[in-house]
Protein chains: 2
Amino acid sequence: MKLKDLARELGLSLTTVSRALNNYPEVSDDTRARVKRVADRVGYQPNIIARGLAVGEIGAIAVMVPKESTSYLDPDTIEFLVGIAEVLAPAGQDILLVQSSRDESLETCRNIIESRRADAIIICYPAPVDSRVRFLADANFPFVVYGKSRTPVAHTWVDIDHRDAAFRSTAFLFERGHEKIAAIEGPVQFAFAEERMAGIRRAFDQFELPPCIINDTFCDYTGYEHTLRLLRQASPPTAFVYGSLLSAIGGGRAIRELGKQERIAVVTQDNGVPYLSPKNILPRMTMTSFPIREAAKRVAQQTIRMMDVNAAIETESWKPRLISIAQSGRD
Amino acid sequence: MKLKDLARELGLSLTTVSRALNNYPEVSDDTRARVKRVADRVGYQPNIIARGLAVGEIGAIAVMVPKESTSYLDPDTIEFLVGIAEVLAPAGQDILLVQSSRDESLETCRNIIESRRADAIIICYPAPVDSRVRFLADANFPFVVYGKSRTPVAHTWVDIDHRDAAFRSTAFLFERGHEKIAAIEGPVQFAFAEERMAGIRRAFDQFELPPCIINDTFCDYTGYEHTLRLLRQASPPTAFVYGSLLSAIGGGRAIRELGKQERIAVVTQDNGVPYLSPKNILPRMTMTSFPIREAAKRVAQQTIRMMDVNAAIETESWKPRLISIAQSGRD
DNA sequence: CTGTTAGCGCTTTCAT
DNA sequence: ATGAAAGCGCTAACAG
């Protein structure tokens with residue numbers, strides 16, 4: 001069933017039917033009502049591709065997420081996507097999920113806009129300086145970045161204040177008398193990891209101690225291995241800061257295995273992933289907490305806003321709450 | 001840069017350039033090479049919408065996943081999506097992620113095919129009798145179902161043999177002398193839950209005991225609550241079967257809290273989600289294991305196959321391994 | 001208020 | 001081996 005068939009059925013022209021369906025003001029209420037009723041009855045659905053070709057829009061937004069060698073989407077990214085979907089679906093925008101590794105990301109990005117696969121792009125977890133930002137800004141293509149990068153181009157972004165969160169996490173432990181603190185953080189090729197490291201370094205500086213930061217992929221076994229290794233050192237840390245609950249889970253396991261859960265203090269970042277509740281983790285952990293899903297909703301809203309040709313650039317940074325948990329260590 | 005521009009640049013007609021790019025045999029090797037070289041140099045990318053309109057295909061496959069009231073994608077569904085993406089991305093097919101609740105699923109499905117948003121549909125976790133199956137079969141639209149439903153229409157599906165897995169899980173515990181066994185299973189509106197229940201009932205029948213099965217959403221706190229409640233009964237279960245690692249995690253927590261981790265045996269289904277490793281869970285658990293990601297890859301391959309007009313209907317069912325872990329209870 | 005007509009960018013007959 | 005021209009289904013000027 002195409003528009004032409006529907007028009008014939010109604011004894012009207014293509015144009016009028018199209019206009020009635022799209023709520024153009026110049027159609028009489030009578031006609032509009034009749035057209036809609038019949039369209040509904042015969043189950044007419046516009047061909048979205050044809051429509052896209054005519055209007056030059058496809059009704060989809062590409063979400064670019066990093067592809068790790070393991071090619072698995074981590075829980076945080078998923079939560080992010082869910083938040084995006086919650087806003088974009090009601091807005092009638094499809095989501096085009098695009099995974100790309102660091103070195104092909106610019107190419108992929110170019111590909112998306114040149115083949116017009118999407119009307120806007122969301123960049124998730126940018127690099128500290130991300131080539132896509134300049135490219136998209138130059139191309140004047142609507143985009144929003146989830147993450148604060150140092151790319152020297154004005155652009156719209158939304159982020160959780162990782163620097164602040166990491167600073168407060170570390171300072172929290174120093175203030176409680178810990179002096180040997182180790183931080184298990186994310187890969188340096190991401191801007192957020194750099195941000196967190198800056199926060200951690202500031203805390204170490206303030207307490208005049210040399211920082212101990214490990215960078216690795218956030219996952220259970222990396223958290224486990226680094227923690228185990230550090231705890232087996234001559235003078236092991238008495239406290240850990242984790243950039244992700246995933247590493248914290250693994251780290252917690254290492255701590256338990258060594259029977260140290262009464263003596264080690266832990267602070268972790270918590271992104272509010274529903275099935276990764278800190279409740280299940282031992283030892284108990286203090287956390288800096290912000291629901292990534294909410295941040296994602298803001299990203300989606302900003303993206304829709306940016307699709308307007310003369311939308312202004314906006315940036316926003318959200319501060320996580322610090323949830324202090326009575327725990328072990330020198331509390 | 002459009003085809004026309006490229007053609008002008010080359011001093012050739014639209015037609016020839018199009019044919020060269022699409023590897024039509026009637027173009028001379030010389031011309032083809034030259035066209036491709038220049039196209040590459042100027043960075044020409046075909047407009048996918050226009051192409052879609054001309055060919056009648058959009059180059060995307062819709063994946064329909066259930067939307068729960070919580071509107072969160074559970075880890076299993078994610079793993080499924082990752083598997084799908086691993087096959088579809090290299091095949092040049094985009095993924096259109098569509099979440100729909102049970103009662104709007106048929107409508108959504110109709111919508112997708114009538115608006116031609118996708119060239120094929122993947123149904124994930126069907127209902128025991130799923131209206132979409134008949135609809136899509138009647139419409140002669142390519143689709144594959146992940147999950148074995150009872151819908152009385154021949155169609156292509158891929159599944160993990162949940163009935164068998166659940167039977168073996170339960171029988172495993174009976175064989176080890178347990179008589180009070182409780183099963184924490186998924187919502188009955190899904191075919192897989194029905195399948196697992198059939199397997200569990202068969203085991204109970206075989207050992208001539210009345211089944212004890214709880215149905216609820218798979219998540220940490222439901223697993224926790226049901227387990228806690230059951231363990232506080234007058235004569236509590238000595239063993240649990242969990243339909244999902246998620247519930248098992250919560251259940252394990254309840255068992256630990258009651259200090260019963262030396263006395264309760266547990267068997268769980270494990271779908272191989274990388275960050276939900278059973279290693280982190282106490283008490284230790286026996287599991288029926290099958291990587292959902294691999295099943296998803298098969299689904300994607302079958303979908304691509306079904307896009308050929310005269311593809312035959314195929315069904316496949318994969319048996320999980322039972323991984324017996326030395327554990328507590330009456331082992 | 002309604003209809004005619006010219007595209008949107010690409011593929012694909014049908015000629016040459 | 002190459003080109004001209006007719007669509008794919010829809011929207012949007014432009015007329016009336």
Side-chain angles (χ1 to χ4, degrees), chain A residues 1-39 42-60 92 94 111-119 307 309, chain B residues 1-39 42-60 92 94 111-119:
Chain A
M1 167 65 72
K2 23 190 176 176
L3 201 58
K4 199 157 112 185
D5 304 328
L6 183 59
R8 186 157 8 83
E9 185 103 0
L10 281 155
L12 286 170
S13 74
L14 279 182
T15 323
T16 308
V17 179
S18 168
R19 284 198 275 236
L21 257 19
N22 292 298
N23 294 316
Y24 276 57
E26 61 263 41
V27 178
S28 77
D29 289 351
D30 247 24
T31 315
R32 189 194 334 281
R34 193 165 68 92
V35 169
K36 287 198 172 177
R37 186 156 31 78
V38 175
V42 301
Y44 167 77
Q45 289 284 77
N47 179 317
I48 202 152
I49 309 177
R51 180 173 199 290
L53 184 58
V55 259
E57 288 179 358
I58 183 66
D94 290 334
N111 202 298
I112 293 168
I113 79 173
E114 286 183 346
S115 67
R116 292 260 121 69
R117 257 162 221 275
D119 302 328
M307 290 170 76
V309 278
Chain B
M1 168 66 72
K2 21 190 177 175
L3 200 58
K4 200 157 110 185
D5 305 327
L6 184 58
R8 185 154 12 82
E9 185 102 0
L10 282 155
L12 288 170
S13 75
L14 278 182
T15 323
T16 307
V17 178
S18 168
R19 282 197 277 236
L21 257 20
N22 291 298
N23 294 317
Y24 278 54
E26 62 263 41
V27 176
S28 77
D29 289 352
D30 247 24
T31 316
R32 191 198 329 285
R34 193 164 69 91
V35 169
K36 288 199 171 176
R37 187 155 32 78
V38 175
V42 302
Y44 168 76
Q45 289 285 74
N47 179 317
I48 202 152
I49 310 177
R51 181 173 198 289
L53 183 57
V55 192
E57 288 179 356
I58 183 67
D94 290 335
N111 203 298
I112 293 168
I113 79 173
E114 287 184 344
S115 66
R116 292 259 121 67
R117 255 163 223 276
D119 302 327

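- The side chain of B:Arg51 places no N or O atom within less than 4.0 Å of a non-bridging phosphate oxygen (OP1 or OP2) of C:dG9.
- Remark: C1' of D:dT11 and CD of A:Glu26 are 12 Å apart, rounded to the nearest angstrom.
- Nearest heavy-atom pair, A:Ala20 versus A:Val27, reported as atom, atom and distance to 0.1 Å: N-CG2, 3.8 Å.
- Among residues two or more places apart in sequence or in another chain, the salt bridge (Lys or Arg N to Asp or Glu O under 4.0 Å) test is passed with B:Asp94 by A:Arg117.
- For A:Asn47 and D:dT11, the CG to C1' distance is 13 Å, given to the nearest whole Å.
- With distances taken from any side-chain atom of A:Val27 to the nucleotides D:dC10, C:dG9, C:dT2, the minimum falls on C:dT2.
- Atom CD in A:Glu57 sits about 21 Å away from atom P in D:dG9, given to the nearest Å.
- As rounded to whole Å, 13 Å separates atom C1' of C:dG9 from atom CG of B:Asn22.
- In terms of heavy-atom proximity, A:Asp119 sits nearest to A:Ile58 at OD1-N, 2.9 Å.
- Out of C:dG9, D:dG9, D:dT11, the shortest distance to the side chain of B:Ala50 is found at C:dG9.
- As rounded to whole Å, 17 Å separates atom P of D:dA6 from atom CG of B:Leu53.
- If you measure from atom CG of A:Leu12 to atom C1' of C:dT2, you get 8 Å, rounded to the nearest angstrom.
- Between C:dT11 and B:Ser18, a contact under 4.0 Å exists linking OP1 or OP2 to a side-chain N or O.
- Out of D:dA5, D:dA13, D:dT11, the shortest distance to the side chain of B:Thr15 is found at D:dA5.
- Note: B:Leu14 CG to B:Arg19 CZ = 11.0 Å, rounded to the nearest 0.5 Å.
- Residues forming a salt bridge (Lys or Arg N to Asp or Glu O under 4.0 Å) with A:Arg34 (at least two apart in sequence, or on another chain): none.
- Phosphate proximity of C:dG3 to A:Thr16: present, with a side-chain N or O under 4.0 Å from OP1 or OP2.
- The 5' end of DNA chain C is approached more closely, in terms of each residue's nearest nucleotide, by A:Thr31 than by the other of A:Thr31 and B:Ile48.
- Listed candidates were D:dC8, C:dC14, C:dG3. Nearest to the side chain of B:Ala54 is D:dC8.
- In this structure, the nucleotide among D:dC14, C:dT11, D:dG3 sitting nearest to the side chain of A:Arg19 is D:dC14.
- With distances taken from any side-chain atom of B:Tyr24 to the nucleotides D:dT2, D:dG9, C:dT12, the minimum falls on C:dT12.
- Rounded to a whole Å, the CG atom of A:Leu21 is 16 Å from the C1' atom of C:dT2.
- Distance A:Leu10 CG to C:dG3 P: 10 Å, rounded to the nearest Å.
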